[in-house]
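Structure, as structure tokens:
Values reported hereafter were calculated over all heavy atoms of this structure, with side chains retained and with hydrogens, waters and symmetry mates removed. Letters A, B, ... mirror the listed sequences (proteins, then strands); counts begin at 1. These figures come from a predicted structure and were not determined experimentally.
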Number of protein chains: 2
Amino acid sequence: MSRAADWSLYLVTDRRLTGGRPLEEIVLAAARGGVTAVQLREKDAPARQFVELARRLKAVLTPLDVPLIINDRLDVALAAGADGVHIGQSDLAIADVRRIAGPDLLVGLTVESMDQAMEAEDLDPDYLGVSPIFATPTKTDTGAPWGIQGLAALRARSRHVLVAIGGLSHSNAGQVMRAGADGIAVVSAICSAPDPEAAARELKRSLSRKG
Amino acid sequence: MSRAADWSLYLVTDRRLTGGRPLEEIVLAAARGGVTAVQLREKDAPARQFVELARRLKAVLTPLDVPLIINDRLDVALAAGADGVHIGQSDLAIADVRRIAGPDLLVGLTVESMDQAMEAEDLDPDYLGVSPIFATPTKTDTGAPWGIQGLAALRARSRHVLVAIGGLSHSNAGQVMRAGADGIAVVSAICSAPDPEAAARELKRSLSRKG
């Protein structure tokens, strides 16, 4: 997996939102619909189960050349042969991740404020997860929303790839991209969709929509 | 740190039991009192805080040549430069740990039944944590207690170093050692003690006690 990944349409998983459908099924459909990266987020799964699930997703995604990113747990990412890890402000430090895993592992970092984003100017994440753009019911432990103006202000000040997350759908994705995002990350817009492939396809189209 | 560690008196931490005293203070006192290994167990701490705490304990323990083992999170162990990781049946697989961390990291494995212990005959842990020997209020998600007879039966069948844990104190440590344990692990017997150094010293003496 090259370090130059495509973050334009990034699926972040939430097994609670799939309506009982297996995550592999959702992820495969989403990748067929145009998702360019997948983050496996498991807040409660024991590590062994987390690794097993990651391996199943990796097997689905590798043939489609879509990178798999693991939320928080670098050890799970390494055990499963995932392509990267996504860390929050209270997870491992990027310097520790790089030291343990080397330069080839993709590393994403959540920033929830301009202060955090400016601190990240001295770090070397592969992208910043700019969270949340809008208020969202999926994550309730987040900071104040960036909004479109906050995202545009960050775009003007950050050298990093910016992936917007939080409350995004096909109806606002174009606006978010025009404000300077390099990509959007979605959870419920795909995980909860009756047809995740169609949902991904609609999101993909909306990225370049003008209206 | 050599692979031939001394597991005879193994402190497993629980910050809820220290009565507000800093964990470094408990751990330093315990090491001075004769603890031969320390496991940092943090079930709820975010990874960054876990790493910082591990580094503080490592700084305390390294001068005393006492190894620091991290519960569950291999990534935290690697980030903090700890000497080992302790894994349960639902944590990472030993083979994955060895593949990621190499042969020098100490690896302990919890076994809660004879079946699990016999499966471990084909694995290469540095020790088995035989849990629980007696019923204990510290951990409530454990299997049925091994008891002294179960421990003796395991000793006869296992090639591994056996560290007994669960309900152990200076009053039963000698009996557990005579049943075949290579060491005992304690939580509350040291973490909750008004004088952790004296508690460790008393436990140390009790390991060779006949009565």
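Contacts classified as ring pair (Phe, Tyr, Trp, His ring centres under 6.0 Å) and involving residues 57-79 of chain B (residues at least two apart or in different chains) are not found. Listed by first and then second residue, the ring pair (Phe, Tyr, Trp, His ring centres under 6.0 Å) pairs that reach into residues 12-49 of chain B come to none, sequence neighbours excluded. For residues 96-123 of chain B, no residue pair satisfies the ring pair (Phe, Tyr, Trp, His ring centres under 6.0 Å) rule, not counting sequence neighbours.
Proximity of B/L105 to B/L74: side-chain heavy atoms (C-beta onward) are separated by under 4.5 Å at one or more points. B/C191 has its side chain within reach of B/L11: a pair of non-hydrogen atoms, C-beta onward, lies under 4.5 Å apart.
Here the shortest heavy-atom pairing between B/A173 and B/I184 reads CB-CD1, 3.7 Å.
The greatest number of non-hydrogen atom pairs below 4.5 Å with chain A, out of B/A77, B/A93, B/A101, is found for B/A93.
The distance from the CD1 atom of B/I70 to the CG atom of B/L53 is 8.0 Å, given to the nearest 0.5 Å.
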Listing needed: what donor-acceptor pairs below 3.5 Å join chain A with chain B?
from: A/A47; atom 1: N; to: B/S90; atom 2: O; distance (Å): 3.4
from: A/R48; atom 1: N; to: B/S90; atom 2: O; distance (Å): 2.9
from: A/R48; atom 1: NE; to: B/Q89; atom 2: O; distance (Å): 3.3
from: A/R48; atom 1: NE; to: B/D91; atom 2: O; distance (Å): 2.6
from: A/R48; atom 1: NH1; to: B/Q89; atom 2: O; distance (Å): 3.3
from: A/R48; atom 1: NH2; to: B/G88; atom 2: O; distance (Å): 3.4
from: A/R48; atom 1: NH2; to: B/Q89; atom 2: O; distance (Å): 3.3
from: A/R48; atom 1: NH2; to: B/D91; atom 2: O; distance (Å): 3.2
from: A/R48; atom 1: NH2; to: B/L92; atom 2: O; distance (Å): 3.3
from: A/R55; atom 1: NH2; to: B/D96; atom 2: OD1; distance (Å): 2.9
from: A/R55; atom 1: NH2; to: B/D96; atom 2: OD2; distance (Å): 3.1
from: A/D72; atom 1: OD1; to: B/R73; atom 2: NH2; distance (Å): 3.4
from: A/D72; atom 1: OD2; to: B/R73; atom 2: NH1; distance (Å): 3.4
from: A/R73; atom 1: NH1; to: B/D72; atom 2: OD2; distance (Å): 3.4
from: A/R73; atom 1: NH2; to: B/D72; atom 2: OD1; distance (Å): 3.3
from: A/L74; atom 1: N; to: B/D75; atom 2: OD2; distance (Å): 3.0
from: A/D75; atom 1: N; to: B/D75; atom 2: OD2; distance (Å): 3.4
from: A/D75; atom 1: OD2; to: B/L74; atom 2: N; distance (Å): 3.0
from: A/D75; atom 1: OD2; to: B/D75; atom 2: N; distance (Å): 3.4
from: A/A79; atom 1: O; to: B/R99; atom 2: NH2; distance (Å): 3.1
from: A/G88; atom 1: O; to: B/R48; atom 2: NH2; distance (Å): 3.4
from: A/Q89; atom 1: O; to: B/R48; atom 2: NE; distance (Å): 3.3
from: A/Q89; atom 1: O; to: B/R48; atom 2: NH1; distance (Å): 3.3
from: A/Q89; atom 1: O; to: B/R48; atom 2: NH2; distance (Å): 3.3
from: A/S90; atom 1: O; to: B/A47; atom 2: N; distance (Å): 3.4
from: A/S90; atom 1: O; to: B/R48; atom 2: N; distance (Å): 2.9
from: A/D91; atom 1: O; to: B/R48; atom 2: NE; distance (Å): 2.6
from: A/D91; atom 1: O; to: B/R48; atom 2: NH2; distance (Å): 3.3
from: A/L92; atom 1: O; to: B/R48; atom 2: NH2; distance (Å): 3.3
from: A/D96; atom 1: OD1; to: B/R55; atom 2: NH2; distance (Å): 2.9
from: A/D96; atom 1: OD2; to: B/R55; atom 2: NH2; distance (Å): 3.0
from: A/R99; atom 1: NH2; to: B/A79; atom 2: O; distance (Å): 3.1

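Of the atoms belonging to A/I100, it is side-chain heavy atoms, and not backbone ones, that fall under 4.5 Å from chain B.
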